[in-house]
There are 4 protein chains.
Amino acid sequence: MAPAADAKLTGLVAATFTPFTTQGDINLPVIGPYIDYLIEQQGVKGIFVNGTTGEGMSLTVAERKVLAEEWCQKAKGKMDRVIVHVGCLSVKESQELARHAAQIGADGISIIAPFFFKPKNPEALREFMKEVAAAAPNLPFYYYQIPALTGVNVQVIDVIQDIEQLIPSFRGVKFTGSDLMDLGQCVSYCRPEWSVLYGVDEHLLAGLAMGVHGAVGSTYNYIGCHVNKLVSAFENGDLVKARTIQFKMQELLSYAMKLGFDVGVNKQLMSELSGLSLGPPRLPLTPCPHAQAELISQKYRSVFL
Amino acid sequence: MAPAADAKLTGLVAATFTPFTTQGDINLPVIGPYIDYLIEQQGVKGIFVNGTTGEGMSLTVAERKVLAEEWCQKAKGKMDRVIVHVGCLSVKESQELARHAAQIGADGISIIAPFFFKPKNPEALREFMKEVAAAAPNLPFYYYQIPALTGVNVQVIDVIQDIEQLIPSFRGVKFTGSDLMDLGQCVSYCRPEWSVLYGVDEHLLAGLAMGVHGAVGSTYNYIGCHVNKLVSAFENGDLVKARTIQFKMQELLSYAMKLGFDVGVNKQLMSELSGLSLGPPRLPLTPCPHAQAELISQKYRSVFL
Amino acid sequence: MAPAADAKLTGLVAATFTPFTTQGDINLPVIGPYIDYLIEQQGVKGIFVNGTTGEGMSLTVAERKVLAEEWCQKAKGKMDRVIVHVGCLSVKESQELARHAAQIGADGISIIAPFFFKPKNPEALREFMKEVAAAAPNLPFYYYQIPALTGVNVQVIDVIQDIEQLIPSFRGVKFTGSDLMDLGQCVSYCRPEWSVLYGVDEHLLAGLAMGVHGAVGSTYNYIGCHVNKLVSAFENGDLVKARTIQFKMQELLSYAMKLGFDVGVNKQLMSELSGLSLGPPRLPLTPCPHAQAELISQKYRSVFL
Amino acid sequence: MAPAADAKLTGLVAATFTPFTTQGDINLPVIGPYIDYLIEQQGVKGIFVNGTTGEGMSLTVAERKVLAEEWCQKAKGKMDRVIVHVGCLSVKESQELARHAAQIGADGISIIAPFFFKPKNPEALREFMKEVAAAAPNLPFYYYQIPALTGVNVQVIDVIQDIEQLIPSFRGVKFTGSDLMDLGQCVSYCRPEWSVLYGVDEHLLAGLAMGVHGAVGSTYNYIGCHVNKLVSAFENGDLVKARTIQFKMQELLSYAMKLGFDVGVNKQLMSELSGLSLGPPRLPLTPCPHAQAELISQKYRSVFL
């Protein structure tokens, strides 16, 4: 049975960081408080786990399972939606994670395109997706496009055309790119129960103008409360206010990027702003110097508070 | 004396094609009717001449002068604004064209970044711009960012910061790129008399959401009348209508791009839709097969009529 | 105890394909005959397994172990050297594979740079390498640079400088790139017991001129016998003959590339030329149409026979 | 009448810098001594003027003519060969420069591919070249491939196939790229009277191994004397000696590149090493700090003297 059409995914979804101990092992006890923080402090009720922000590709398959399970358990009754990223370079490992996600009660799964060997055309990517989705046929499936990291630049519109025939559980796309013509065509094309979720936080207003249904991003971990106001303002037709908040996000993020902003820095920033103990990133990411995160925290406070 | 602050440039500006004879020489008599067509059929009252669409870099300096003069003369009393692109790889040739633009009564000048040797930082680009602008100090000066063609990827916000101290005649930027964080920061930063003009026609709605003041593009030559409605709808808060028109533009342009869409094809399409005789493009562009332009024309009719 | 200095790796090494059944499972019984084929038909006595050609990144960790073990067992007493590629996106999975390689008696291990998150500088990459090498401290360790696939473009010379202090088991680099200044500096710098192995088959002669000690490549699976003659000619000072063979390789490979040449096509070509049943590639690679491989086989015959 | 077949171009050719006054105007009186320096100090008897090193694209058409004329006059009876680069973005300006080169007695002309609009296939590039070559049908014509600067990545072998039918005066290619399969195929294909000239100084030995007939480069302005020894060693079969000199070049150039090495720095380095007063570069290049050139000069002395 395919997932219910009424479960359309909308609003802000936080791409969660993976908590590590200082020794670099996964740190499960942080997950419960993390979820409470997102709900109470940020007003965010959807999470996307083990993805880019969660260093999913740097984890072992076994770690990904344990983490996914903990996120699902602790989110139960609290979060509206837990999407588990199950993308791997090996289609077989992705299938294994997809099956596992179904067993633990995830609300959906998602994969990035494989990116060592890159699909040579949309069909090859669709085949890969089909194999993974078929391992968990009852879970809503989302394709995650992120060409800046994968180098896979197929047009999403070419991936999703008639894809329900291949993947009945298909429910949408996390679009982390700047090809807004492709984005617009996806919005224009998509089935009523599908969601187009934008993934470039600093361009969110542009995505909303193009008609996206929600957004997935790392910054919603710590500025979700502000971005929720941006979305509300947009929905109420108050573009000036929406733009003001977007410009603040841009001021913060461009500052961070000039200092050097990768998932390691982002993670440390989240630790400082949330008080959660997320630990260091894993290699090949390297720990963020405290001073760097502190400068960005200060910028956050000067911009938003 | 610097240009008057009240002359802020807004609305749609058509980046004009350069008419050639079938032998490949510039074809001045087409320019008068071209201007009338833009005003009467498209409702477009600003033009940007000798730019990318106008094959400016493929013209000789002498041809660029003759063309600029003809556009200015024929536009007089009809168009609101004629901006002459004077960008060259040689700063001295750009200066010569800037001086000439002042003599013939252009309303403004613009340059792309030099792109054989690329400026190694924003300062080098600012110096280059200063040298050109100083050759026509009374003409509003616009920087034209188009990284997809120049490979020059400096942040525009780093180019325009305090630039009035270097270039008193600076009046804005034609931003043809997809870095909407940079775009937003430019809008947020810009002086009241400056204009941020968006240059990616198929993403226009995103640019408007970010707060741009106008747009320069090649498609406004032939779908300006439709895009004017998009802009009005946006200004009236009718995002659904604006989006509908944007999606039509995207349907047309993505179709064209799949067939192969360069300035040569675009020029032929304009000839077919306008009835103006624009002739072939110049090498290294090659003439567009009639059948290809006809297919795109048909798509235009099926989408917009 | 670090590996013996006398074991310097030289000559041609075949990057082996991974045999699959028609159902897409690993097909171990092909491995024995594969090794005999390489030795008897190609004169190749070194193999590099589970690498790019072997679709290593598309395999599960469990499959990689089984395959590595089979290659080592069947090569025992026949091959001079079996290098196992243990590179993964997850440093922990790479460590697991490194430990396993030590247990099964591999002659060396190698890793590509992690490439989802890319090391932001040579130090981050060195740290990653150190963690993996330390899991199998007695196995010769080779860094495998392949920027066209990983996007990791650090200079190898910056990676290997004084690296014996960090990785006592370091023994060389498989250099699959076209930055021959970097290559030359590596050759010039390298310790007596290290090997610089070139990995661009179609440029081999250039690598030899720069002084490399050996070569690892996929085409040595089926034209190793010809390339051995190239290497001999070069070593005997007969550049005209070496060049003649190199040009034949280039004729074959450029022909193949124009038809579309990926690991899937390459694998099918190997099946046709060797008679071994290697099966299809795994997704995201797609099976090569027979006609395409047949055309390349014909070209092979016309060029080399 | 097409150029004589016996005039095959071989050996080292210096890509000359353009002397400027401190005010940034062209400085003709330096040219005579410059030629003497090349011959007497460097043993270089071919020059390539107004190219990349000569900032040709930053000059006006008028300046290029004056310079070309001065180089030809002063070289008469001294240099074996003066090749004038006549590449422009405008085919008409290239034609004008080609005609002029014929009038002033140049020994050959050359063009880079146009690179604002890029030729969409080899045919478009061949057409462009044909138009330029036809303006000076008696001058040997050389195509200059430099994808790192132009972004035009066509295979040269596809450009030169049967090109004598289109361009009877075609005489070869200056190949400044690292695709050595393409290079090898050009060498293998080329007519007896054509020359394949390699343009990546730091990879020269690789080019020689592939069979090139000569080399054009900027460093031959100041290390030509050493590189002549590299070429002799190679021709005498002494690869060890050739490699030693190549490694020295690489040590110098990699050092320079780490400090930041563009044509402006290169020009200042040439001034310091030769004693010639070449002046600053022109915008968008910016003057090289003296300290930077001095560091590279020191490195030169420590490596070569």
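Chain identifiers are assigned alphabetically (A, B, ...) following the order of the sequence lines, protein sequences preceding nucleic acid strands; residue numbering begins at 1 within each chain.
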Would you mind checking which part of [X] comes under 4.5 Å of any heavy atom in chain A, side chain (CB onward), backbone (N, CA, C, O), both or neither?
X	result
B/L205	both
B/D201	neither
B/D179	both
B/Q246	side chain
B/K258	side chain

- Task: Under 4.5 Å heavy-atom distance to chain B, tell me which part of A/M249 shows up: side chain, backbone, both or neither.
- Result: neither

- Query: Which region of A/D158, side chain (C-beta onward) or backbone (N, CA, C, O), has a non-hydrogen atom less than 4.5 Å from a non-hydrogen atom of chain B, or is it both or neither?
  - Reply: side chain

- Message: Tell me whether A/Q250 contacts the main-chain N or O of B/L183 through its side chain, where contact means a donor paired with an acceptor under 3.5 Å.
- Response: no

- Query: Is there a donor-acceptor pair under 3.5 Å between the side chain of B/H203 and the backbone N or O of A/M181?
  - Reply: yes

- Could you state the interatomic distance from CZ (A/R243) to CE (B/M210), rounded to the nearest 0.5 Å? 9.0 Å

- Task: Please say whether more than 12 non-hydrogen atoms of neighbouring residues, nucleotides or ligands are located less than 6.0 Å from NZ in A/K118.
- Result: yes

- Are any non-hydrogen side-chain atoms of A/L180 and B/L180 less than 4.5 angstrom apart? yes

- Task: Report the option among B/A242, B/G184, B/A206, B/G207 that has the most heavy-atom pairs separated by less than 4.5 Å from atoms of chain A.
- Result: B/G184

